[in-house]
> 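There's a structure below that I have some questions on.
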Amino acid sequence: MIMQDIGNLEEKSAYIIRETKEKFGNVAALWSGGKDSTAMIMIARRAFLGKVPFPVIHIDNGIDFPETYKFRDDLAKKWNLDLIVAKSRIKPELSGFSCCGSNKTDALKEVMKEHGFDALIVSIRRDEHGIRAKERYFSPRDTEFKWNYKDQPAELWNNYSSKMDTKGHVRVHPILDWNEIDIWQYTMKMKVPVNPLYYSSNGYRYRSLGCTHCTVPVKSNAKSIRQIMDELKVTETEERAGREQDKEKAYVMEKLRALGYM
Amino acid sequence: MVKEIDNIVDSLWSVNDVRNWDRFRKKLGSSSIRYYRVVFEHGLRKADDMNKSYVELYDSKKKLVSKVPVAVRDGKNFEGALIYLKGLSNMNKVD
């Protein structure tokens, strides 16, 4: 895994976040309590001199890890975040695919409609999953949250189009070009708080966090960020190996994202 | 104290509503419970699977103390109740 210059990465991401705040009327960001969205919020804090100028949304299906709830509530207080908890009711007649697809996406639709957000900052990275590699920094969604990845504005030579013809909303992905080790490098350098589930206990740790139903730990002895980074330099396991939906058929994630999933 | 939380756990298995979960939450901090393990024994594919799922609660020596439901019920609706376990540490990492 190649480490990039996190100074350059942060500068670009901060620019995207500032541009979003400037160009859109009503912005929100998704925050799962995981390493990527927490790093993104740190970038936003630094971009706006310590205060995140938009609400952060946690989509809560009630079966996230208790550590994640504690981390969320403690950090929201510490960083004075405007936290919106979007409750997602379990519809257990659905399979794992629909558990994320309907439950989480429906909760997101409701909160977006209620608050009238026209731009949503999402902390996905291209290296996480093949389908996420097809994303743009600014990507339109229709009123049903559907994503047509075959019809997106080109983003050539770092020229972005933040204004687009959509009656839905625009997804903004400010950390698209970061990779997993960059996030950890940034987290260590900026002393970004870390959800304790990422650290090893009893020979296992969570490398990618979802809810308790969909996420399983991976074997690891890494008990610090430096040890996590050392592990990542030699690992041959995919980051989302512990995420159930990704283990299913290859098209599942593509379908989920086309329907509005994060 | 152990007896008291045991009674609340019994109540939760009868009626896992917000009131009983709040009662449980209030007593959790002063109990011996330190770790949890979530068990979705039948996955999560239909409504009944949620009712068959449970959380095992362990003390500081990682000895099983009790089991509670995964869900909190509000009339016919229900959702996950793991926020009520805030402060406990994960045991799912252990084989």
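As the structure is a prediction and not an experimental result, all values here were calculated from the model. Note that these values count all heavy atoms, side chains included, but never hydrogens, waters or copies made by symmetry. All chains are named by letter (A, B, ...) in the order of the sequence lines, taking the proteins before the strands, and each is independently numbered beginning at 1.
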> Is the shortest side-chain heavy-atom distance between B:D49 and A:H213 below 4.5 Å?
no

> Looking at B:L85, B:I83, B:V38, B:L88, which one has more heavy-atom pairs under 4.5 Å with chain A than the rest?
B:I83

> Answer yes or no: is there a side-chain heavy-atom contact under 4.5 Å between B:Y84 and A:Y69?
no

> Do A:N61 and B:E79 come close enough that some side-chain heavy atom pair is under 4.5 Å?
no

> Do any N or O atoms from the side chain of A:E67 and from the backbone of B:G87 form a donor-acceptor pair under 3.5 angstrom?
no

> Counting only heavy atoms not in B:K26, do more than 12 fall under 6.0 Å of its NZ?
no

> For the atom pair CG (A:N202) and NZ (B:K62), what is the distance rounded to the nearest 0.5 Å?
4.0 Å

> Would you find more than 12 non-hydrogen atoms of other residues, nucleotides or ligands less than 6.0 Å from A:K189 atom NZ?
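Open: at most 12 neighbouring heavy atoms sit under 6.0 Å from NZ of A:K189.
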
> Under the criterion side-chain contact (heavy atoms from CB on, under 4.5 Å), I'd like the reasoning laid out for A:I63 against B:M50: C-alpha separation, chi angles, the key distance, then a yes or no.
CA-CA 11 Å; A:I63 53 170; B:M50 194 70 170; 3.9 Å; yes

> Please round to the nearest 0.5 Å and tell me the distance separating atom CZ of B:F40 and atom SG of A:C211.
6.5 Å

> Is the closest side-chain heavy-atom distance between A:D64 and B:L82 below 4.5 Å?
no

> Let me know if B:S89 has heavy atoms under 4.5 Å from chain A in its side chain, its backbone, both or neither.
both

